[in-house]
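A short write-up of the structure that comes next.
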Amino acid sequence: MKQFLFLLIGFLTLLFEPPGLAQSTITFPRSGKVATEAYVDSVVKANRTSIGNIPVTTPPIVVTPPVVVDQVPILKPCDAGPEIRTITNITTSSLSAVFHGQNVFGITFQILSGSTVQRSGTIEPKSNTLPLTFDALPPGSYTLRLFGSTCQGMSSREFTIPIKETGAVTPAPVLTPNQQSKGNYELFMNLTGFGYEPTAPNGLHHDWPERIEAFRYEWGYGITGIRLNIRWNEWEPTPDNFTRQGLQKIIVYCRERGLKLSVLFWPWRKQGDNFIPEGHYVTGHRGKQHQFDGNTRMGSLASDVVNAKIYNAVQELSRELNTYEGAYYLSIGTATAEEFTNPVIGEGLGGPKEITGFEPVFQDGFRAFRQAKNRPYERPIISEWDGGAGLEMGNEAGKDFARFISLTLTRYFDNFTRAVKDGSGGKVLSVYSYPDAGSPQNAWYLHANFASQARTADGMFGTDGNDRWDNSRKLLVNAVNLGMGKISMNEYDPFDLSSDGYCTGINLGQLEREFEKSYSNGVQVIHLSMSYCPAEIRGMEPHLRYLSEKYIGKPYVRPNRPVTEVSITPAYWQGQEIFAPHWTGNNFLKPVDDEFWGASGRN
C-alpha cells in the first residue's frame, strides 16, 4: 500500500559481484594466526582496486570436430537451441532474430512460404541476435527456420512481411469493454498525480508523452493502455461547463496509438468555487479540512449535495469517455494516494494524521444512524501516536462509527457506479481501487468492508505492497478480487522493483518475474504506477516482449481455485490482518460482513 504519494523511501543497497569477473590471486600475509572471516574480508577489500585492474582473459573456444562416418559428419545434439525467441525489424529483404542456444557456433537459416524454401543461408552468430539479409521477398506470411550447423538442433517461427514499410507501429486491435472484461491481459501506465491538461495540444500534462512514447518498441507498444488522472475541478471548472475538448484530444492521441483509455476521477475542488457548501468539507478529528495542495478541498462523503454534483460530473465524463471505442474503466479516489478510502488528513503530505468524518454534515448523519438504533450520540474516540491516528473500535460507539463510515463509503461508491453506467449505457467499467487488503492500517482508512463497498464494481484494483520485500501482497489483493468475482487489477511502482528512488534504476529481471506471477495467478490488468523514467522504460523492452508473447494482449484465463469465505470481524475491530491469515497462496478469498453490522443490521 502506498502510504505517501511522494514519500522517499531508503533501501539497503545490495552489492553483487559482476558476472564473468576475471580470477586472480591474492597473497595473504603470514600472521601466524587463524584467518578469521573479518581478516579475509579486510584483505580482499584492500586488494579490490588492484583486482579490478587485472585484465580479463577470455578463454579460447574449443570446437570438437564432428564424428565422421563414411565421409558424412554426424553432429552431436546442441547443448541448447537454437530456439527462436523473437523476430523483429522485418523488411522485404532483412530481419533480426533473437535466439537462445548453448555452444551453437554455426547456424543455417531457411525462409519458407508454406512448405517451400524461398531463401536460405548460413551465419556464424556473434551474439544471441542474428541479423539476416536475403533477396527481397513480396509481402506475406512466412516461416523462419534455424538449424545448428555445428551441432544438431532446430526451431521455427512464423512472421509477416508488411504490405507497406512506413516505419509506423500497427496499433493493436481495440476491444469493446464487454470483450475486455472477458478477454485480455492488459498492462496500463498510470499518469499519476497531474495527468490531464485540457489546454495542451494532446490534452496531456507535459511530463507524460515522453514516457508513453518510450514504450513504443520495434514490435509495438509495450503497454496496452493508460490510466488518466482527472480532477473534478479540471473536468468541470464551473457548473455544467465540462472540458470535453481536452478529453477528446487524449482520445485522438490514444486512438492513433491503439491504446486503451481509463480514467481516475479525483473529486478535488478549488476552495471557494461554490461547489461545496460550508459544513460539507471533509474535516479531521482536530478540525483541519482535507486538502491536497493548499487551495483544494474535498466534499464530504456523507453529503447528499456533493454526491448529486459528483453524479452529474461522472455521468458526463463517462458519456464523453464512451465516445472512444477503446474506453476501458472509470475509478474514483478519495485518498491523497488516489485510492478509495475514508480520507486521512496529512497522509502523504506530512504533519499529524487526522481521521476524517468530523465535518458537521457527516456527524449529523452519524447522529441519525445512532438514533435509528435507539442509541445516544457519542463523539467517537481517536487514538493517536507519533505519525499516526486511528479510530478506537473497542466500544460500541467506535464500532457504530466504523459501521457508518462503511455505509457512507458504500453509498458514495454506489452513486459513482450509477453515474458510470448511466453515462456510458453500461459499456464503461466501474472499478473499486483500494490501498491495502485488510491490514492493521485499516484503523486509518476504514475501507476494508469490501463485501459492501465494492459490491457494484466491475473490477477491483488493489495497490497493496510498500516495496520489493512484500510483493506477495500483490497476489493477496488478487485473491480478494477474484474471490469477489471481479476483474482483478494490481500495480507496481519503482519501489516495488528494487529502486532506491525515482530514476535510480529498477531490477528488470524482478519486473519480469513479478509480472509473470501476477498474470499466472489471475491478475488481468497490471498498472505501472507513480513514475518510471524513459530510460527505465526503454530497458523494459525484452522483458515486456517476453510477457507479450505469453500474456499481454492475449486471452485472459481465470485460474480455477477454491474460494474461502472470510468474516471481516473480529479482526476488523481489533486492528488485525483480516484476509492474510486465510490465504494459502492457492485459494481466493470472499469477504463476508454479516457479523460486522451487529444485531440491528446494516441500516
Side-chain angles (χ1 to χ4, degrees), residues 5-6 166-174 186-231 233-235 237 242-266 293 317 320-321 323-331 333 338 491-494 497 499 501-506 508 511 525-545 547-548 552-553:
L5 187 57
F6 306 109
T166 62
V169 177
T170 302
V174 179
E186 308 288 350
L187 178 62
F188 285 1
M189 183 179 77
N190 287 359
L191 277 56
T192 307
F194 297 87
Y196 185 49
E197 195 165 297
T199 59
N202 52 19
L204 298 170
H205 188 275
H206 59 80
D207 283 348
W208 295 107
E210 182 183 10
R211 289 174 166 87
I212 296 171
E213 296 309 315
F215 280 107
R216 182 171 174 165
Y217 305 130
E218 296 173 341
W219 43 270
Y221 279 91
I223 53 175
T224 61
I226 61 173
R227 191 198 74 177
L228 182 66
N229 183 319
I230 297 182
R231 302 185 188 196
N233 64 279
E234 295 170 334
W235 170 242
F242 303 101
T243 55
R244 301 180 192 276
Q245 291 183 345
L247 185 57
Q248 283 298 325
K249 293 176 188 177
I250 297 173
I251 287 174
V252 170
Y253 180 90
C254 290
R255 181 179 285 123
E256 289 175 346
R257 290 157 177 79
L259 297 175
K260 298 179 177 72
L261 177 60
S262 296
V263 171
L264 165 77
F265 180 78
W266 218 7
D293 53 9
L317 179 57
E320 200 69 29
L321 184 62
T323 64
Y324 179 38
E325 64 278 7
Y328 196 88
Y329 76 76
L330 263 165
S331 65
E338 302 180 5
E491 61 84 36
Y492 292 85
D493 71 24
L497 301 171
S499 174
Y502 297 117
C503 303
T504 60
I506 58 175
L508 293 168
L511 177 147
V525 185
I526 293 177
H527 295 73
L528 293 159
S529 295
M530 311 294 260
S531 179
Y532 292 84
C533 286
E536 293 173 329
I537 293 170
R538 287 189 288 270
M540 296 178 190
E541 185 273 331
H543 306 278
L544 295 185
R545 181 176 56 201
L547 292 166
S548 295
I552 301 172

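Here, residue 1 is the first one in the sequence, and each next residue gets the next number. Since the model is a prediction, treat every value here as computed from it, not as a measurement.
The two residues L264 and G333 come nearest to each other via the heavy atoms CD1-N, 3.5 Å. Listed here is the closest heavy atom pair of P209 and N202: CG-ND2, 3.6 Å. G505 and E536 make their closest contact through N-OE2, 3.0 Å (heavy atoms, listed as atom of the first residue, atom of the second, distance). Contact between Y328 and S262 at its shortest, heavy atoms only, is CB-OG, 3.2 Å. Among all heavy-atom pairs drawn from P494 and S499, the shortest one is O-CB, 3.0 Å. Here the closest heavy-atom approach between residue G193 and residue W266 is recorded as O-CZ3, 4.2 Å.
Note that the CG atom of L547 and the CE atom of M540 stand 11.0 Å from one another [nearest 0.5 Å]. Taking CZ of R255 as the start and CD of E325 as the end, the distance is 4.0 Å to the nearest 0.5 Å. For the atom pair CG (L321) and CD1 (I251), the distance works out to 6.0 Å, reported to the nearest 0.5 Å. To the nearest 0.5 angstrom, D293 atom CG is 5.0 Å from R231 atom CZ. In this structure, the separation between OG on S531 and CG on L191 is 9.5 Å, given to the nearest 0.5 Å. To the nearest 0.5 Å, atom CD1 of residue I226 and atom NZ of residue K260 are 12.5 Å apart.
Checking side-chain atoms of Y196 against main-chain N and O of L247 turns up a donor-acceptor pair under 3.5 Å. A donor-acceptor contact shorter than 3.5 Å links the side chain of W208 to the backbone of F194. No donor-acceptor pair closer than 3.5 Å links the side chain of Y532 to the backbone N or O of C503.
Ring geometry for Y217 against F215 counts as perpendicular: the plane angle is over 60°, on a 0 to 90° scale with 30° as the lower cut.
Side-chain contact check for I230 versus T243: every heavy-atom pair is 4.5 Å or farther apart. I212 is not listed as a side-chain neighbour of I537, based on a closest heavy-atom distance of 4.5 Å or more. With a 4.5 Å cut-off on side-chain heavy atoms, L544 and L511 count as touching. At least one side-chain heavy atom of T224 sits under 4.5 Å from a side-chain heavy atom of F188.
Partners of E213 by side chain to side chain contact (heavy atoms under 4.5 Å, CB included), not counting sequence neighbours, listed by chain and number: R216, Y221, Y253, R257. With sequence neighbours left out, R538 forms a salt bridge (Lys or Arg N to Asp or Glu O under 4.0 Å) with no residue at all.
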Check against side chain to side chain contact (heavy atoms under 4.5 Å, CB included), L204 and L228: CA-CA 9 Å; L204 298 170; L228 182 66; 4.0 Å; yes
Check against side chain to side chain contact (heavy atoms under 4.5 Å, CB included), E541 and W219: CA-CA 10 Å; E541 185 273 331; W219 43 270; 2.7 Å; yes
Derivation and outcome, side-chain hydrogen bond (donor to acceptor under 3.5 Å, both in side chains), residues E338 and N229: CA-CA 9 Å; E338 302 180 5; N229 183 319; 2.9 Å; yes
Step by step, work out the side-chain hydrogen bond (donor to acceptor under 3.5 Å, both in side chains) result for S529 and T192. CA-CA 7 Å; S529 295; T192 307; 5.3 Å; no
One pair to check against side chain to side chain contact (heavy atoms under 4.5 Å, CB included): Y492 and I526. What are the steps and the verdict? CA-CA 8 Å; Y492 292 85; I526 293 177; 3.9 Å; yes
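Seen from the ring of Y329, R227 does not count as a face-on cation partner, given the 6.0 Å and 45° thresholds.
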